[in-house]
Amino acid sequence: MDFSAVSSALKTIDKLTREVTSLWGVDEQVEGLESELRWMQSFLKVADARKVDNELIRTCVVEIRELAYDAEDVIETFSLKVASKRKGEFSNCIKRSACFLNEGCLLHKIKSEIEKITTRIKELTRQLKTYDVSKLGVDGEEPSSSTERREARRPYPHVMDDNIVGLDDGIKKLVTVLLDEQSECRVVSICGMGGLGKTTLAKKIYHHSQVVGHFKHLVWVYVSQHCQKRKVWEDILSDLLILSEEDTKMKVEKLAEKLSSFFEENKCLVILDDVWNTEAWDSLKPAFSARETRSKILVTSRNKEIVSHADKNGFLYEVQCLNYEQSWELFQKIAFPPSNSTGYKIDAKMKDLGEDMVKNCTGLPLAINILGGILATKYPSLTEWLKVSANVKSYLKNDQGEVLRNVLALSYDDLPPYLRPCFLYLSHFPEDYEIPVDRLIQLWVAEGIVSSKQEEGDDGQIAEDVAEGYLMELAERCMIQVQERDIATLKMRSFQMHDLMRDVCLSKAKQQKILYIADQSNACQLSTIGRVRRVSVHKYFSIQCIKSPRLRSLLFFDKFLPNGERDKILKSICLERYFDNHEGEVCNPLVLFGTLLGLSVYVTKLRGIWKYMFNNFNFLRVLDYERGGAAGCKLPNDIGKLIHLRFLRLRGLDFLNSSLPSSLSNLRCLQTLDLRIKTLSFFKIIHVPNVLWRMQQLRHLYLPKHCSPKTRLKLGTLRNLQTLVNFNTRNCYVKDLINMANIRELEIRGPFIIEDFNTEELDKNPPIIQSKYLHFLSVINNKGSIDPRHLAHLLLSCENISKLSLDVEIRRLPEYHYLSSNLAYIKLRRCELEEDPMPTLEKLPYLRMLELHEEAFIGKEMFCCGQAFAKLESLSLKELNNLEEWKVGEGAMPSLQRLEIQKCRQLKMLPDGLRFIANLQELKIESMPKTFKDNWEEGGEDFCKVRHVPSIIFQDCE
């Protein structure tokens, strides 16, 4: 059951009663509403505990959620428009006297709305009380705790390299085919039904050291069920780092021609993941039409016909189901604790149950992963395993496709109540979308999915930590697939959903009427639905089709107004053909007039979108723009009407006017604000009015990259801030940082100067940051330097950071005692250090990753002494143009696994000390002189120093 809506409404009421001493005028109504909502919450909990799931209960849950949303909206409106103005006693009364009549009318309206909602709840309550919930389900035990199990297991049991069985033969065959340049085969296909591990196998090929060394460029692109050739081709160009602004406006035929030429001239491997049919291939093949090429294409698909259709000499590899031994091996990896863990012992009865359940999974890896994930959370409770076993047998009676869907559905049914809304929320995101963890957590918190009871629990976790725990639990249950981890903390940074798991998510979300996914194909249908709370726009459509005034969430995954819509506007005023025939005739009066007319109509269209949104969706809590795009002259003042907003993301939107409206000050409930907009003005700078200090609930603030000189922001009141990006001392005040006791991530971009700084006695200067939670600090300045003393004092305040990135000229690295001993990751770029930084950095006890890039060090010699860098696992040296000699003492960097050297053209040789680093797994040499390569590849005079390294990769060393 979804308790989040009711819990959020109760939280709003509780907050109102705590903050406002008098609820004069609505106190009885609020108390009655709270009482009814608590009964509803109790009903849902009992129904969920009894595992009640029938049409009656599903209908009631939807209705309860709608009533809770209405209640929360009206209570919050009272809080923001009436109750907040009653604070301040006599002085505030004088200010309010002029609008007393308006307040009285508003109070009467709110009182009436609360009474209507309460009446509706009472009627629903009366209906529900006629049913005995206890007779609708079977009482059961509480699910077993998974805390001890979580500690014993690897953090993410489904991660590809940890839990893979039965793919070795496929990897060997596919690598052989792809590396064979004598063969006429150009297209290789991995086929099989959903859930067999096609994409997993393709990823193993993509990261295979022989494949990486053989091809000059490797590209991975998701095609998905709804193939859009322009998007696929632009994604390929982007991955190849050759996508220009002109390409986004270029005709598709030109894009195909550019790609085809590139593949003919360069040896590339392109992986097209999830191609559904031959029509999709036919739409994409013009980009792969080069005949004389050494490039190859690897396709994953459920359709065997594609490879023969695409290439008569193509190679088809069919992924097979696992045999029983492989299935059992995979199941054991997931469901049971590691065999080397303390107290490892498998109960004989549990082993028998596991073997029986594995048989029912019919060798499908995804089904085994998910079933194992469910059982892992219940280990070592035999009772819980017996319950799952009984359900599995009833689920797995149909054909294989149905088996898989049912196992996936079983994983949802097994979720505890607090995880279900979190999982269903993932249905907002498009197919194959890589979901950023930080953004998702911010959305969860903004939507109230993390309740106040959990946020104020005994362990003192803030909402973001609770949400991160929920996400980790979904990963442990194998319901999401981790794509990227934080390099310092190894926490998830992004993840994806398997398309079959997403199908289950969409099905359940549709069943419970959680959201509406909109595009041009179903816009008309949306216009007939009056009660929609959340809309996720995957493909542009006219927003005027949404007729729901109580809309709470609006997420856009397409541009604000795509180029295709702009072309339609020009076509509607008969200008498109004229512009095509007179391209380049800028001085032609008719062309100039037509341009101005088209621009006027275009801007009017954009203004109409904003106006409709701000005038009709006054209860919006989430407004998120994913892909930016042209958005009109300026952000309208009417945005101040959206007083309920918690999450506002405007990143990438282009405005002609570079000033943001002061009406942003009305958005007092904002928790996340992303102002990284763009402007078409000459100076490319944004003016932000000094109103952000009013948003005291802000938790995450992203300022524009470049603010105008007249922007001066006071941020000292933002005590809840956890993320602050693009801070600098030209537009903000250093003294405000000390008030941000909860800051976790700080990115400084631009000048950082401490006023009235005592240069003689550094310890006499007041601290800059007092947050014990700060774990990431970044300093970027493309156009200037930072005083090393100011930097040292800043670092001294950051005693707990684990990640540090310095992209600024400093000339001298601060001494060791200024650096946090917790540092696990350091990146230095364009620092122009004159002295060898290694003697300072090697003292950091937990440093695992070090990157020195683009003139980070401008000296000629670098030395790592013996016993230095005890924990270092990865070292990257790029574009250190003056470096001639690098020495590594015996015993240095004993944990090093990966070494990368790129464009250090003056470096004469690799250090002799590499021969002593037994753990080194990969050595990558890129864009170095050919003589350097010849010395270190097999047969070269220095190869003996690195012959123990399993993977040595040379790229562009010619």
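Given the structure is predicted, the values throughout are model-derived calculations rather than measurements.
A donor-acceptor pair under 3.5 Å links the side-chain atoms of Gln921 to the main chain of Asn919, judged by distance alone. A donor-acceptor contact shorter than 3.5 Å links the side chain of Asn731 to the backbone of Ser708. In this structure, the side chain of Ser295 engages the main chain of Phe263 through a donor-acceptor pair within 3.5 Å. In terms of modelled atom types and a separation under 3.5 Å, the side chain of Thr672 and the main chain of Gln442 share no donor-acceptor contact. At distances below 3.5 Å, at least one donor-acceptor pair connects side-chain atoms of Ser771 with backbone N or O atoms of Ile743. Using modelled atom types, one side-chain atom of Lys267 and one backbone atom of His214 make a donor-acceptor pair closer than 3.5 Å. Arg848 places a side-chain N or O within donor-acceptor distance of the main-chain N or O of Ile487, the cut-off being under 3.5 Å. The main-chain N or O of Val221 is never found under 3.5 Å from a side-chain atom of Asp235 such that the two would form a donor-acceptor pair. A donor-acceptor pair is defined here as one N or O able to donate and one able to accept, closer than 3.5 Å; no such pair exists between the side chain of Ser778 and the backbone of Glu747. Between the side chain of Asp273 and the main chain of Tyr222, no donor-acceptor pair closer than 3.5 Å is present.
Rounded to the nearest 0.5 Å, atoms CD (Glu809) and CG (Leu833) are 10.0 Å apart. Summarising the geometry, atom CG belonging to Asn882 is positioned 7.5 Å from atom CD belonging to Gln906; distances are rounded to the nearest 0.5 Å. Rounding to the nearest 0.5 angstrom, the gap separating the CG atom in Leu796 from the OH atom in Tyr818 is 6.5 Å. Of the inter-residue distances, the one linking Ile271 atom CD1 with Ile236 atom CD1 reads 11.5 Å to the nearest 0.5 angstrom. Atoms CD1 and CD1, from Ile769 and Ile738 in turn, are 9.5 Å apart once rounded to the nearest 0.5 Å. In this structure, Gln722 CD and Leu746 CG are separated by 13.5 Å, a value rounded to the nearest 0.5 Å.
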Would Leu819 and Leu795 count as a side-chain contact (heavy atoms from CB on, under 4.5 Å) here? Give the steps.
CA-CA 6 Å; Leu819 301 173; Leu795 291 171; 3.8 Å; yes
Tell me, with the steps shown, if Val946 and Ile952 meet side-chain contact (heavy atoms from CB on, under 4.5 Å).
CA-CA 9 Å; Val946 293; Ile952 301 177; 3.8 Å; yes
Go through the steps to decide whether Arg830 and Asp807 satisfy the test salt bridge (Lys or Arg N to Asp or Glu O under 4.0 Å), and finish with yes or no.
CA-CA 6 Å; Arg830 296 186 299 189; Asp807 187 355; 2.8 Å; yes
Test salt bridge (Lys or Arg N to Asp or Glu O under 4.0 Å) on Arg699 and Glu464; report intermediate values, then the result.
CA-CA 10 Å; Arg699 306 164 84 96; Glu464 282 77 1; 2.9 Å; yes
Might you work through the side-chain contact (heavy atoms from CB on, under 4.5 Å) test for Met492 and Leu471, ending with a clear yes or no?
CA-CA 9 Å; Met492 266 186 286; Leu471 197 58; 3.8 Å; yes
Start with the C-alpha distance between Lys491 and Glu468, add both sets of side-chain angles, then the distance that settles salt bridge (Lys or Arg N to Asp or Glu O under 4.0 Å), and finish with yes or no.
CA-CA 9 Å; Lys491 292 181 179 180; Glu468 187 178 344; 3.4 Å; yes
Verify salt bridge (Lys or Arg N to Asp or Glu O under 4.0 Å) between Lys887 and Glu885, making sure each step is shown before the conclusion.
CA-CA 7 Å; Lys887 296 180 180 179; Glu885 187 174 8; 3.7 Å; yes
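Inter-residue side-chain proximity for Ile925 and Leu910 is flagged as met; some heavy-atom pair is nearer than 4.5 Å. Using a 4.5 Å heavy-atom cutoff, the side chains of Leu692 and Val688 are in contact. Between Thr840 and Pro837 there is no side-chain heavy-atom pair separated by less than 4.5 Å. Contact of the Leu703 side chain with the Cys732 side chain is registered, since non-hydrogen atoms from C-beta on lie closer than 4.5 Å. Residues Phe943 and Glu937 are not in side-chain contact: their nearest non-hydrogen atoms beyond the backbone lie 4.5 Å or more apart. Considering only heavy atoms from C-beta on, Val270 stays 4.5 Å or farther from Leu298 through its side chain. Side-chain contact check for Leu715 versus Leu701: some heavy-atom pair is nearer than 4.5 Å. The shortest distance between side-chain heavy atoms of Leu174 and Lys204 does not fall below 4.5 Å.
Here Arg744 pairs with Asp465 in a salt bridge; the nearest charged N to carboxylate O distance falls below 4.0 Å. Salt bridge Glu851/Arg829: absent, no basic N to carboxylate O contact under 4.0 Å. Salt bridge annotation for Glu626-Arg439: present, with a cationic side-chain nitrogen under 4.0 angstrom from a carboxylate oxygen.
Under 3.5 Å, the side chains of Thr723 and His700 contain a donor-acceptor pair of N or O atoms. Side-chain polar atoms of Asp432 and Gln496 form no donor-acceptor pair below 3.5 angstrom. No side-chain donor from either of His775 and Thr489 sits under 3.5 Å from a side-chain acceptor of the other. Using modelled atom types and a 3.5 Å distance limit, the side chains of Asn728 and Arg749 yield no donor-acceptor pair. A side-chain donor-acceptor contact under 3.5 Å links Ser494 and Glu434.
Residues Leu794 and Ile768 share a closest heavy-atom pair of CA-CD1, 3.7 Å. Minimum interatomic distance between Gly889 and Phe863 (heavy atoms only, all atoms of both residues): N-CE1, 4.3 Å. Residues Cys865 and Ala892 come closest through the heavy atom pair O-CB, 3.1 Å. For the residue pair Ala868 and Pro894, the shortest heavy atom distance occurs at O-CD, 4.0 Å. The nearest pair of heavy atoms linking Arg812 to Pro788 is NH2-CB, 4.0 Å. Contact detail for Asn758 and Lys764: the closest heavy-atom pair is ND2-CB, 3.8 Å.
Within a 6.0 Å radius of OH in Tyr816, more than 12 heavy atoms belonging to other residues, nucleotides or ligands are found. For Glu181, the CD atom sits in a packed shell: over 12 heavy atoms of surrounding residues, nucleotides or ligands are nearer than 6.0 Å.
For the pair Lys803 and Phe776, the cation-pi test (distance below 6.0 Å, angle within 45°) is passed. Judged by the 6.0 Å distance and 45° axis criteria, Arg712 is positioned over the aromatic ring of Tyr733.
The aromatic ring centres of His790 and Phe752 sit 6.0 Å or more apart. Checked against the 6.0 Å centroid criterion, the rings of Trp220 and Tyr206 qualify as a close aromatic pair. Proximity of the aromatic rings of His217 and Phe262 is defined here by a centroid distance below 6.0 angstrom, and this criterion is met.
Test Leu875, Val888, Leu841, Leu844 against Phe869 for side-chain contact (heavy atoms from CB on, under 4.5 Å) and you get one pass: Leu841. For the side-chain contact (heavy atoms from CB on, under 4.5 Å) criterion with Ile953, the lone passing option out of Gln210, Lys924, Glu926, Glu900 is Lys924. Checking Glu834, Glu835, Glu855 one by one against Arg811, the salt bridge (charged side-chain N to carboxylate O under 4.0 Å, His left out) holds for a single residue, Glu834.
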